[in-house]
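Notes for the one structure printed next.
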Amino acid sequence: MFQRVPRALRRLTAAVVLCGTLGAAVTGCTGSGGSGGSGDESDGAVPRAVRAPEPGLAFDYQIGGPYRPPAGVRAVSRDRTSEPAEGVYNICYVNAFQAQPETDDWWHEHHPDLVLRDADGDPVVDRDWDELVLDISTSGKRGRLARIVGEWIDGCAKAGFDAVEADNLDSHERSEGLLTAADNVAFGKLIAARAHAAGLAIGQKNAAELADRGRRIGFDFAVAEECGQYDECDVYADAYDGRVFDIEYRKDGFDAACEDWGDRVSVVLRDLDVVARGESGYRRRTC
C-alpha cells in the first residue's frame, strides 16, 4: 500500500462541534435537514429504492464547505451536516471508522470503550489528521458503533441525500496492528446494510486493496482519493463498472487520471483543503 499524503481536510460545521461539546444524544448526532431530495420517509413508510450513481457523472467534492455546483456538475459530495444540492446526485460524507477531532470529548464521555486503545490504555490516533481510531475489533462493538453511525446515515436520508460515502475503510492500517482488514469488512457490511435500509446507495471510500470485495461487502460505487497519483483507478473501475469518483490533489496525479481513466471514471482536481469556491486557496479542474 502506498503512503498517501494526508486526506483532504474535513472541516466541521458548528452543528458537529456543538454535538461533540454537549453530547447532544447518547447515540450520536444526525445531520441537519435539507431540501435536495425526497428523503422524508416516516416510521413505517416503505423505504425508497436505492439508486446507485450512473458511471461518468461530472463530479464536485465539497466536503470542506458547500457552494453552488459548477455548470455541468451532476454529482456532489458534501458533509452530512450540509444540505444537499438541488438537482444533482448527492453523496453524504460520513466519517464512519474514525472520529472527527472536534468530537473527541464526546466519544471519551459517552463511549470510551469504542475508542481503540493500545496496551497502555492510550487512544490510538491517526496522526495525519488527529482522529481517534474507533474500536471495531469485536462483534459487539461493531454492532454498537453501527447503531451510532446508522443514525447519521438515517439523517443523510432524511436530509434528502441519494448516497453516503463511509470514510476510513482502511482504518486498520492506522490501528497499530490492533484491527484487521476483516474487522473493517465486517463493520462495512453493517453500515452498508443500514444505508440500503434507509434507501441510500453507499460508496467505498479508499482502501483499494479491498475493492475486489466491495460488492460483497455491500458497496455500490467508490470514492477514491488520488487513484491517479497511486495508479489504483483500474482497481476501482473494474470493481464498480466505472462508478468511481476520483479526487486528485496534485497536478501529476490529475493528469495521469485524466489520460488513463478520464473516459471511464469521474475525475476532479481539488485543493487539499477542499475549501468552498470564493475562499482563498480554492482550486477545481476537471478532465
Mind checking what makes salt bridge (Lys or Arg N to Asp or Glu O under 4.0 Å) contact with R51, not counting sequence neighbours?
D162

V265 reachable from L269 in the ILVMFWY side-chain graph, under 4.5 Å edges:
yes

Is there a donor-acceptor pair under 3.5 Å between the side chain of D126 and the backbone N or O of D128?
yes

May I ask you to decide if C227's main-chain N or O and D246's side chain share a donor-acceptor pair within less than 3.5 Å?
yes

Between D170 and R174, does a salt bridge (Lys or Arg N to Asp or Glu O under 4.0 Å) hold up when you go through it step by step?
CA-CA 8 Å; D170 53 358; R174 296 174 289 279; 2.8 Å; yes

Please enumerate all residues that pass salt bridge (Lys or Arg N to Asp or Glu O under 4.0 Å) together with R285, with sequence neighbours excluded.
none

Basic-acidic side-chain contact under 4.0 Å: R74, E54
yes

Output yes when a side-chain donor or acceptor of D167 lies under 3.5 Å from a complementary backbone atom of F97, and no otherwise.
no

Is there a donor-acceptor contact under 3.5 Å from the side chain of T103 to the main chain of W106?
no

Taking a hydrophobic cluster as the set of Ile, Leu, Val, Met, Phe, Trp and Tyr residues connected by side-chain heavy atoms closer than 4.5 Å, whether directly or through intermediates, do V50 and Y240 fall within one such cluster?
no

Between D260 and R264, does any NZ, NE, NH1 or NH2 come within less than 4.0 Å of an OD or OE carboxylate oxygen?
no

So, does D255 use its side chain to make a donor-acceptor pair with the main chain of D252 at under 3.5 Å?
no

Distance-minimising heavy-atom pair for A201 and A52:
CB-CA, 4.0 Å

Does the N90 side chain pair with the main chain of P84, one donor and one acceptor, at a distance under 3.5 Å?
no

Side chains of P70 and R277: does their closest heavy-atom pair fall under 4.5 Å?
yes

Between V244 and V235, is there shared hydrophobic-cluster membership here, with clusters defined by ILVMFWY side-chain heavy atoms closer than 4.5 Å?
no

For the side chain of D273 and the backbone of V275, is there at least one donor-acceptor N/O pair under 3.5 Å apart?
no

Pair F59 + F245: ring centers closer than 6.0 Å
yes

Sidechain N-carboxylate O distance under 4.0 Å for K158, D154:
no

With a 4.0 Å cut-off on N to O distance, would you call R270 and E248 a salt bridge?
no

Regarding D271 and R284, does a basic nitrogen lie under 4.0 Å from an acidic carboxylate oxygen?
no

Do you know the tightest heavy-atom contact between C156 and V94?
SG-CG2, 3.9 Å

Take atom CZ of R68 as the centre, draw a 6.0 Å sphere, and report whether it contains more than 12 heavy atoms from other residues, nucleotides or ligands.
no

Name the residue from K141, R144, R142 that meets the salt bridge (Lys or Arg N to Asp or Glu O under 4.0 Å) definition with D135.
K141

Passes ring pair (Phe, Tyr, Trp, His ring centres under 6.0 Å), Y67 versus Y282? Steps please.
CA-CA 12 Å; Y67 52 91; Y282 171 82; 5.6 Å; yes

Donor-acceptor contact present, side-chain R243 to main-chain P53, <3.5 Å:
yes

